[in-house]
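Report on the following structure.
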Amino acid sequence: MKTTLSLLLLASCALAQAPRLVFETKSKDLGELIAGASGTTVFDFTNQGDADLVIRKVLSTCDCAAALLSSERIAPGESGQIEVVLSSRGRSGMVHSNVRIVSNDASQFDGGPNLTVLSVNAKIVSLVRVMPAAAYFPSIDHGVADQRRIVLTPERGDALNVTGVSCSSPFITVEAKATTTGNKQAAELTVRVSDEAPIGPLKEQIVVQTDV
């Protein structure tokens, strides 16, 4: 008499360990930024996985400057920060900029594998309206002087006074005087190109300091 024994082998498969990148928020609103200034904010995150989180790249777009304030490798349960600086230079109105985070968290897919996208919003406001923003001289005959007029008006408040003016060219002079625009005290600049200016293009900067 033969006896057959059947053995049932049960195998348990453990899930592979993985990091998990979790931000407290992925969007920040900086509110109003004065034109020319910069705004700074910090994004906090935690590794809620069971393996080390590795931040491989922090990529900024537009005029954002992003920096990882903590270590590139974050242990399970530990936290980190990413600082974002938004520059308003050359911008106006509502602006929106992104910062892209590339990590070893395969569950992140904000438009690409292992990619997390943070967004920063702000409204750029100007305290001074400059009309026009450039003194443009289409063509000047050599040996002939010419001039243009620029008006600076306060956007907030009722008065603006010029406290200093400088120009990067010795062939351009700028004279400032008080004027009025509507019910506001403004400033008028008279920009003159000397008749001694050399032949060829002139592209210079005028720096105006005011009490605004």
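Values below: every heavy atom of this structure, side chains too, minus hydrogens, waters and symmetry copies. Everything quoted here is computed from the prediction, not taken from an experiment.
Side-chain heavy atoms closer than 4.5 Å link hydrophobic residues (I, L, V, M, F, W, Y) into clusters, and following such links, possibly through other members, connects Leu118 to Leu68. The cluster map of Ile, Leu, Val, Met, Phe, Trp and Tyr, joined by side-chain heavy atoms under 4.5 Å apart, puts Val85 and Val117 in different clusters. Under the 4.5 Å side-chain heavy-atom criterion for grouping Ile, Leu, Val, Met, Phe, Trp and Tyr, Ile140 is connected to Leu202 within one hydrophobic cluster. Tracing side-chain contacts under 4.5 Å through hydrophobic residues (I, L, V, M, F, W, Y), one never reaches Val102 starting from Phe109; they form parts of separate clusters. Val162 and Val130 fall within a single hydrophobic cluster, where Ile, Leu, Val, Met, Phe, Trp and Tyr are joined by side-chain heavy atoms under 4.5 Å apart, directly or via other members.
The closest donor-acceptor contact from the side chain of Lys57 to the backbone of Ser103 lies at 3.5 Å or more, if one exists at all. At least one donor-acceptor pair closer than 3.5 Å links the side chain of Asn104 to the backbone N or O of Val54. The main-chain N or O of Asp211 is never found under 3.5 Å from a side-chain atom of Asn161 such that the two would form a donor-acceptor pair. Remark: the backbone N or O of Phe171 is paired with a side-chain donor or acceptor of Ser169 at under 3.5 angstrom. A donor-acceptor pair under 3.5 Å links the side-chain atoms of Ser168 to the main chain of Gln205, judged by distance alone. Remark: the backbone N or O of Leu33 is not paired with any side-chain donor or acceptor of Ser88 at under 3.5 angstrom.
Residues Gly77 and Thr46 approach most closely at O-CG2, 4.1 Å, considering heavy atoms. Nearest heavy atoms, Arg156 versus Lys184: N-NZ, 4.5 Å. Counting all heavy atoms, side chain and backbone alike, Ala66 lies closest to Ser60 at N-CB, 4.2 Å. Leu115 approaches Arg100 most closely through the heavy-atom pair CD2-NH1, 3.4 Å. Among all heavy-atom pairs drawn from Ser70 and Gly80, the shortest one is OG-CA, 3.2 Å. Residues Ser71 and Ile74 share a closest heavy-atom pair of O-CD1, 3.2 Å.
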Might you work through the side-chain hydrogen bond (donor to acceptor under 3.5 Å, both in side chains) test for Gln108 and Thr116, ending with a clear yes or no? CA-CA 6 Å; Gln108 301 294 314; Thr116 308; 2.8 Å; yes
Run the side chain to side chain contact (heavy atoms under 4.5 Å, CB included) test on Val99 and Val58 for me, step by step, so that the C-alpha distance in whole Å, both residues' side-chain angles and the decisive distance to 0.1 Å come before the verdict. CA-CA 7 Å; Val99 174; Val58 180; 3.9 Å; yes
Verify side chain to side chain contact (heavy atoms under 4.5 Å, CB included) between Val165 and Ile206, making sure each step is shown before the conclusion. CA-CA 7 Å; Val165 180; Ile206 298 169; 4.1 Å; yes
Go through Val128 and Thr153 one step at a time and tell me if the side chain to side chain contact (heavy atoms under 4.5 Å, CB included) criterion holds. CA-CA 6 Å; Val128 178; Thr153 307; over 6 Å; no
Take Arg91 and Ser97, measure what side-chain hydrogen bond (donor to acceptor under 3.5 Å, both in side chains) needs, and give me the verdict at the end. CA-CA 12 Å; Arg91 294 174 150 196; Ser97 295; 3.2 Å; yes
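Note that the NZ atom of Lys123 and the CD atom of Glu32 stand 5.5 Å from one another [nearest 0.5 Å]. One finds the CD1 atom of Ile172 at 13.0 Å from the CD atom of Gln147 (value rounded to the nearest 0.5 Å). Taken to the nearest 0.5 Å, the SG atom of Cys167 stands 11.0 Å off from the CG atom of Leu189.
A side chain to side chain contact (heavy atoms under 4.5 Å, CB included) with Leu152 is found for exactly one of Val212, Thr179, Val208, Thr181, namely Val208.
Residues Asp44 and Gln81 bring a donor and an acceptor atom of their side chains to less than 3.5 Å of each other. Residues Asn121 and Asp29 have side chains that never bring a donor and an acceptor to within less than 3.5 angstrom of each other. Of the N and O atoms on the side chains of Thr163 and Gln209, not one donor lies less than 3.5 Å from an acceptor on the other residue. In the model, Lys28 has a side-chain atom that pairs as donor or acceptor with a side-chain atom of Thr41 under 3.5 Å.
Taking 4.5 Å as the limit, some side-chain heavy atom of Thr40 sits within range of a side-chain heavy atom of Glu83. With a 4.5 Å cut-off on side-chain heavy atoms, Asp195 and Val144 do not count as touching. Side-chain contact between Phe45 and Leu53: present, with at least one pair of heavy atoms (C-beta onward) separated by less than 4.5 Å. With a 4.5 Å cut-off on side-chain heavy atoms, Val125 and Ile34 count as touching. Looking at heavy atoms from C-beta onward, Val191 lies in side-chain contact with Ile150 at the 4.5 angstrom threshold. Side-chain atoms of Pro76 and Asp52, non-hydrogen and from C-beta on, do get closer than 4.5 Å to each other. Residues Thr190 and Glu188 meet the side-chain proximity criterion, which asks for heavy atoms closer than 4.5 Å. Residues Asn47 and Glu78 have side chains not in contact (no heavy-atom distance under 4.5 Å, counting atoms from C-beta outward).
Salt bridge Arg20/Asp105: absent, no basic N to carboxylate O contact under 4.0 Å. Looking at Arg192 and Glu175, a side-chain N of the basic residue comes within less than 4.0 Å of a carboxylate O on the acidic one, giving a salt bridge.
For Glu72, the CD atom is loosely surrounded, since the number of other residues' heavy atoms within 6.0 Å does not exceed 12.
A cation-pi geometry, defined here as NZ or CZ lying under 6.0 Å from the six-membered ring centre and within 45° of its normal, does not hold between Arg148 and Tyr136. Remark: Lys26 is not positioned above the aromatic ring of Phe43, lacking an NZ or CZ atom under 6.0 angstrom from the ring centre and at most 45 degrees off the axis.
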